[in-house]
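Start at 1 and go down the list; that is how both ligands and their atoms are numbered. Quantities reported herein were computed from a predicted structural model and do not represent experimental measurements. Heavy-atom basis, side chains included; hydrogens, waters and symmetry copies ignored.
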Amino acid sequence: MKLEGEWVRSVARTESGILILDQRKLPWSVDWVELRSAEEAHRAIREMWTRGAPLIGAVAAYGLAMALQDDPLQLDATYARLAEARPTAINLRWALDQVRDAVRNLPLTERAEAALRRADALCDENVALNRAIGEHGLALLEELHARHPNRPLNILTHCNPGWLATVDYGTATAPIYLAHDKGLPLHVWVDETRPRNQGALLTAFELSGHGVPHSVIADNVGGLLMQRGQVDLVIVGTDRVTANGDVCNKIGTYLKALAAHDNGVPFYVALPYTTIDRSLASGDLVRIEERDAEELSWLTGPTQAGELATVMVTSSPAYNPAFDVTPARLVTGYITEQGVTARI
Ligand code: MRU
């Protein structure tokens with residue numbers, strides 16, 4: 001996608017490592033940081049400098065490749081270290097599996113180069129998958145817009161399922177970008193997505209950059225908008241879809257699915273095949289990441305004077321589960337690289 005006038009991907013190779021955007025600072029400053037080791041990749045994933053299911057997979061894949069450059073015997077230990085950086089998104093393990101499987105039977109001297117090649121390839125593949133999701137989603141958006149051709153199509157999304165969460169295009173945003181580029185009038189309701197505000201900070205930043213009309217809303221507003229007929233469809237991304245179609249995504253997704261169901265609003269999930277975990281029968285088996293309560297108790301942003309400041313929201317004990325599970329019965333359809341399907 002275009003960032004400050006330049007075509008970029010959210011992860012790029014350098015001579016000595018990879019470049020990522022420090023997403024903790026967006027949108028207030030656009031800082032690229034270089035990661036030069038598996039340990040730096042682990043830290044960037046764990047502390048959410050980089051985030052989003054497909055992107056943490058890509059960064060972990062490069063992290064494993066960098067470890068093999070230092071010591072080709074590091075394969076299993078580094079795989080295990082990176083795999084535990086964040087527990088919920090299946091893409092992390094998928095990407096590590098891809099690299100490990102590509103190199104495990106090679107001579108030690110060939111491992112690092114082969115790992116880098118596999119990491120490059122899975123990044124290219126992610127872009128192609130998201131583009132295909134975009135094409136199929138575009139057809140869906142055109143169909144829905146044709147029902148009310150005289151007004152913009154209103155789409156609600158949650159968290160950041162955008163190019164910042166993937167290598168490019170995003171998942172749920174891919175159809176939005178393609179539709180906007182094609183001239184389809186649309187407007188996006190962007191859930192703020194407490195506690196880390198990926199919607200208000202990241203999705204809004206992306207949509208602004210691409211010129212897509214949007215409004216940020218508090219997380220509690222979607223139900224009212226659906227009751228009033230101001231949402232034509234919901235599209236979210238996902239961190240893991242289990243064999244029965246249950247959808248694990250950013251905390252708060254489930255409540256939007258319930259509201260959509262109650263109001264007859266179609267609820268779609270956009271995902272590549274790399275996000276499907278057929279080893280788990282249902283969503284209640286997914287390990288839900290619980291993050292530091294400080295993410296909830298403190299907020300950071302610029303003051304009116306333009307200085308970044310961190311302020312307390314509550315001094316009470318807080319609880320911060322990062323994901324929830326939307327049962328398959330609440331999902332209207334899955335937008336995948338193969339098409340839009342009612343079942344996964
Ligand atoms: O905790 P995060 O910010 O990594 O969570 C990201 C999301 O929940 C996204 O919506 C998700 O990765 C799916 S779309 C790529």
Side-chain angles (χ1 to χ4, degrees), residues 1 9-11 20-24 26 44-60 85-95 123 126-127 129-131 133-134 137 156-177 188 190-206 219 234-241 247-257 267-277 283 286-292 295-296 320-326 331 334-337:
M1 301 299 292
R9 286 181 172 189
S10 40
V11 58
I20 57 156
L21 275 167
D22 186 347
Q23 297 196 24
R24 297 168 306 169
L26 287 173
I45 295 168
R46 176 79 209 129
E47 296 179 7
M48 292 177 69
W49 309 12
T50 192
R51 39 149 300 285
L55 184 57
I56 61 176
V59 171
R86 293 193 68 192
T88 302
I90 188 66
N91 306 63
L92 177 60
R93 216 179 56 212
W94 175 86
C123 285
N126 182 255
V127 178
L129 291 169
N130 295 340
R131 172 88 203 183
I133 289 168
L156 185 143
T157 193
H158 191 73
C159 195
N160 172 248
W163 67 267
L164 289 166
T166 65
V167 182
D168 205 349
Y169 291 109
T171 54
T173 55
I176 293 171
Y177 289 132
V188 184
V190 179
D191 276 352
E192 172 192 28
T193 319
R194 282 282 288 149
R196 289 189 72 106
N197 293 335
Q198 288 97 330
L201 299 177
L202 303 176
T203 305
F205 170 75
E206 282 194 24
D219 287 327
V234 178
I235 316 181
V236 297
T238 171
D239 292 78
R240 191 185 298 228
V241 171
V247 173
C248 188
N249 193 45
K250 182 54 56 189
I251 192 77
T253 304
Y254 170 51
L255 292 177
K256 291 301 139 65
F267 183 93
Y268 286 94
V269 180
L271 74 154
Y273 79 92
T274 57
T275 306
I276 301 173
D277 181 1
V286 177
R287 186 172 145 212
I288 301 290
E289 179 178 12
E290 292 187 8
R291 296 190 61 86
D292 200 319
E295 293 184 348
L296 196 59
N320 184 21
F323 298 93
D324 61 23
V325 175
T326 298
V331 177
Y334 305 84
I335 310 172
T336 76
E337 67 278 2

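Ranking the protein heavy atoms by distance from atom 9 (C) of ligand 1 puts Asn160 O, 3.6 Å first. Remark: minimum distance from atom 8 (O) of ligand 1 to any protein heavy atom is reached at Asp239 OD1, 2.9 Å. The protein non-hydrogen atom at the shortest distance from atom 10 (O) of ligand 1 is Asn249 OD1, 3.3 Å. If you check which protein heavy atom lies closest to atom 3 (O) of ligand 1, you get Arg51 NE, 2.5 Å. At the shortest separation from atom 12 (O) of ligand 1 among protein heavy atoms lies Ala53 N, 2.9 Å.
The local environment of OH in Tyr254 is sparse, with at most 12 non-hydrogen atoms from other residues, nucleotides or ligands closer than 6.0 Å.
For the pair Asp168/Asn126, no side-chain contact is recorded, criterion being any heavy-atom separation below 4.5 Å from C-beta on. Using a 4.5 Å heavy-atom threshold, the side chains of Thr166 and Thr171 count as touching. Looking at Arg86 and Arg291, their side chains come closer than 4.5 Å, going by heavy atoms from C-beta outward. Looking at heavy atoms from C-beta onward, Leu55 lies in side-chain contact with Val11 at the 4.5 angstrom threshold. Residues Thr88 and Val286 are in side-chain contact: their nearest non-hydrogen atoms beyond the backbone lie under 4.5 Å apart. Side-chain contact between Thr203 and Pro161 is present, with heavy atoms from C-beta onward closer than 4.5 Å.
For ligand 1 and Ala165, the ligand atoms under 4.0 Å from any heavy atom of the residue are 15 (C). For ligand 1 and Cys159, the ligand atoms under 4.0 Å from any heavy atom of the residue are 6 (C), 7 (C), 8 (O), 9 (C), 10 (O). Atoms of ligand 1 found under 4.0 Å from any heavy atom of Pro54 (numbered from 1 in listed order, with element): 15 (C). Close approach to Lys250 involves these atoms of ligand 1, each under 4.0 Å from a residue heavy atom: 1 (O), 2 (P), 5 (O), 8 (O). For ligand 1, the atoms closer than 4.0 angstrom to any heavy atom of Pro161 are 14 (S). Close approach of ligand 1 to Arg86 is summarised as follows: ligand atoms under 4.0 Å from at least one heavy atom of the residue are 1 (O), 2 (P), 4 (O). Listed by number with element, the atoms of ligand 1 under 4.0 angstrom from any heavy atom of Thr238 are 13 (C), 14 (S). Residue Gly237 approaches ligand 1 through these ligand atoms, each under 4.0 Å from one of its heavy atoms: 13 (C), 14 (S).
Contact analysis leaves Ala89 out of contact with ligand 1, as no non-hydrogen atom separation drops below 4.0 angstrom. For Glu289, the heavy-atom gap to ligand 1 stays at 4.0 angstrom or more.
Residue Ala322 does not touch ligand 1, judged by heavy-atom distances below 4.0 Å.
Minimum interatomic distance between Val190 and Ala200 (heavy atoms only, all atoms of both residues): CG1-N, 4.4 Å. Closest of all the heavy-atom pairs between Ala95 and Ala58 is CB-N, 4.5 Å.
No N or O atom of Thr171 sits closer than 3.5 Å to an N or O atom of ligand 1. Residue Gln198 places at least one N or O, backbone or side chain, under 3.5 Å from an N or O of ligand 1. For ligand 1, the polar-atom distance check against Met48 finds no nitrogen or oxygen pair separated by under 3.5 Å.
Using a 4.0 Å cut-off between charged side-chain N and carboxylate O, Arg240 and Asp277 make a salt bridge.
His158 places no side-chain N or O within 3.5 Å of a backbone atom of Gly237 that could act as its donor or acceptor partner.
Side-chain contact, Thr275 with Asn91: a donor N or O sits under 3.5 Å from an acceptor N or O.
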